[in-house]
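Report on the following structure.
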There are 2 protein chains.
Amino acid sequence: MPKAPKKSPSAPKFSRHTVEARREMLVDAGLACLARHGILGFTIDRICTEAKVSRGLITHHFQSIDGLLAAVYGAMYGKALVAIENPRVPLNATPEARLASIIDAMFSKEFFNRESLNIWLALWGEIANNPELLKEHRKQYARYRRGIERTLEAVALARGKKIDTALVAMMFVSLVDGLGLEWCIEPKLLSAREARQACFKLLEPILGPLQ
Amino acid sequence: MPKAPKKSPSAPKFSRHTVEARREMLVDAGLACLARHGILGFTIDRICTEAKVSRGLITHHFQSIDGLLAAVYGAMYGKALVAIENPRVPLNATPEARLASIIDAMFSKEFFNRESLNIWLALWGEIANNPELLKEHRKQYARYRRGIERTLEAVALARGKKIDTALVAMMFVSLVDGLGLEWCIEPKLLSAREARQACFKLLEPILGPLQ
DNA sequence: TACGTTATTATATGGTAGTTCAATAAGGAA
DNA sequence: TTCCTTATTGAACTACCATATAATAACGTA
């Protein structure tokens, strides 16, 4: 009995899943590869090994490796959009409380961690060079910006301040992404707390005290 | 006379250059590939084709493809550091004028263009995943931040303002990088002029009027 | 003009990339 | 239990990857 099989001979060699479930498993494996090795680690071989499936499955479920990459991008935004469109505050919360909740979420451990940020960095560098990814980006990013703009606009309105909403939103989004970039590359140069503080320091001169 | 050669038979098949000159040519070719196709386009084949040399030359001059990538990164910083450490203002210019000159340079066509920004994006995504690149980054980025910190500190000192220099510098650098990121991916969402304006809008509540 | 140094070429090598597709077998339905 | 659908496997294929190295030839020097 050389190389004893770990399971009984009658055990299935693999298990079948619904299309949706398997797609999610492959997306998760893709995220793991992106987090660990960046865009150069996003390969059929690596991802299938990570997901413990054979090489043919990605093409079967996503047509191509780029199809999976677009799905991975959508999954990243999916998580973030929940926090922005449904901040964890009471329904009757003030606009200020909604904004503060969004900022807190952005710099919480769930989003502000090296794995997630390394994924974002890897994706950002490819958007402009990958048509399929760009298409997905346009869809998701529009929603993201709209959510931020509405929140900022609501605060300004509640305080009777007139602001250039598009510009302030762009500044806020840019600062958040920029802080994530710096921290991902060299985490010791700032803390999540300082990054969060930086956002308030940007917005308070424009919107008034927020905390 | 089939397939007539374009040059006389006695013409050299290639020309020799000094090590320094050839290294620069390879770096330029690497930059072009990065600008056009991102990090996935940074390959021996592509770069050598771009530079019109044979495949062995990169290894000969840089040991490996990662060695060339680190040199490319250094070249990008080299250009930017000139503008920061030697802003185009008179020697006796005010700190405010020096700061304004740096900001103007950052959003000038020389730096704020899609090619350059696509290169930065490609590099940022790889720093955390490439030890050789990380080493080069640490060397260059420290100089960059120091230059920004000194300039901000000088303005604050001249105006008798007390600021958290490290935090303000981090905010400024993050905003600049973030704006470049957004603009590179979707240039129609803001102009270079608005990006420049955003920097002043961040700094003026902290340092007072700057323009 | 001939020589010597060495930058450069060109090929070989072993690995890994993404995609295709026929064969397989899991697991629900009958 | 048997059958059928189809998710999944796994090998084949072509293309491209980085690197090593021996042969070549450019060009300054003597």
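Each chain gets a letter, A, B and so on, in the order the sequences are listed, and its residues count up from 1.
To the nearest angstrom, P of dC27(D) lies 7 Å from CZ of Arg16(B). Rounded to whole Å, the distance from CZ on Phe14(A) to C1' on dT9(D) is 6 Å.
Within residues 46-57 of chain A, the residues having any heavy atom closer than 4.0 Å to DNA chain D are, in order of number, Val53(A), Ser54(A), Arg55(A), Gly56(A), Leu57(A). Listed in residue order, the members of residues 58-75 of chain A having a heavy atom less than 4.0 Å from DNA chain C are Thr59(A), Ser64(A), Ile65(A). Residues from residues 118-127 of chain B that place a heavy atom under 4.0 Å from any atom of DNA chain C: there are none. Remark: Phe42(A), Thr43(A), Ile44(A), Asp45(A) in residues 36-45 of chain A come within less than 4.0 Å of DNA chain C through at least one heavy atom. The stretch residues 17-35 of chain B does not touch DNA chain D, since none of its heavy atoms comes less than 4.0 Å from the strand.
Two residues are said to be in side-chain contact when any heavy atoms from C-beta on lie closer than 4.5 Å; Arg150(B) and Arg98(B) fail this criterion. Contact check for Val53(B) versus Phe14(B): no side-chain heavy atoms found under the 4.5 Å cut-off. Counting heavy atoms from C-beta on, the side chains of Leu69(B) and Leu123(B) come closer than 4.5 Å. Taking the side chain as every heavy atom from C-beta outward, Ile127(A) and Leu121(B) never approach each other to under 4.5 Å. In this structure, the side chains of His137(A) and Glu186(B) come closer than 4.5 Å at one or more pairs of heavy atoms. Between Cys199(B) and Leu179(B), the closest side-chain pair of non-hydrogen atoms falls below 4.5 Å. Side-chain atoms of Val155(A) and Leu210(A), non-hydrogen and from C-beta on, do get closer than 4.5 Å to each other. Side-chain contact between Leu81(B) and Tyr144(B): present, with at least one pair of heavy atoms (C-beta onward) separated by less than 4.5 Å.
Counting all heavy atoms, side chain and backbone alike, Gly41(A) lies closest to Arg46(A) at O-CD, 3.1 Å.
Partners of Asn118(A) according to the side-chain hydrogen bond (donor to acceptor under 3.5 Å, both in side chains) rule, which considers only residues two or more places apart in sequence or in another chain, are Asn129(B).
Counting only N and O atoms by type, the side chains of Glu182(B) and Tyr141(A) include a donor and acceptor under 3.5 Å apart.
Cys33(A) pairs with exactly one of Val72(A), Ile47(A), Leu40(A) by the side-chain contact (heavy atoms from CB on, under 4.5 Å) rule, that one being Ile47(A).
Taking CG of Leu167(B) as the reference point, atom CD of Glu149(B) lies at 10.5 Å (rounded to 0.5 Å).
Between Tyr77(A) and Trp120(A), the gap from one ring centroid to the other is short of 6.0 Å.
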Decide side chain to side chain contact (heavy atoms under 4.5 Å, CB included) for His60(B) and Arg22(B); before the verdict, give the C-alpha distance in whole Å, the side-chain angles of both, and the deciding distance to 0.1 Å.
-> CA-CA 11 Å; His60(B) 181 256; Arg22(B) 185 60 92 184; over 6 Å; no
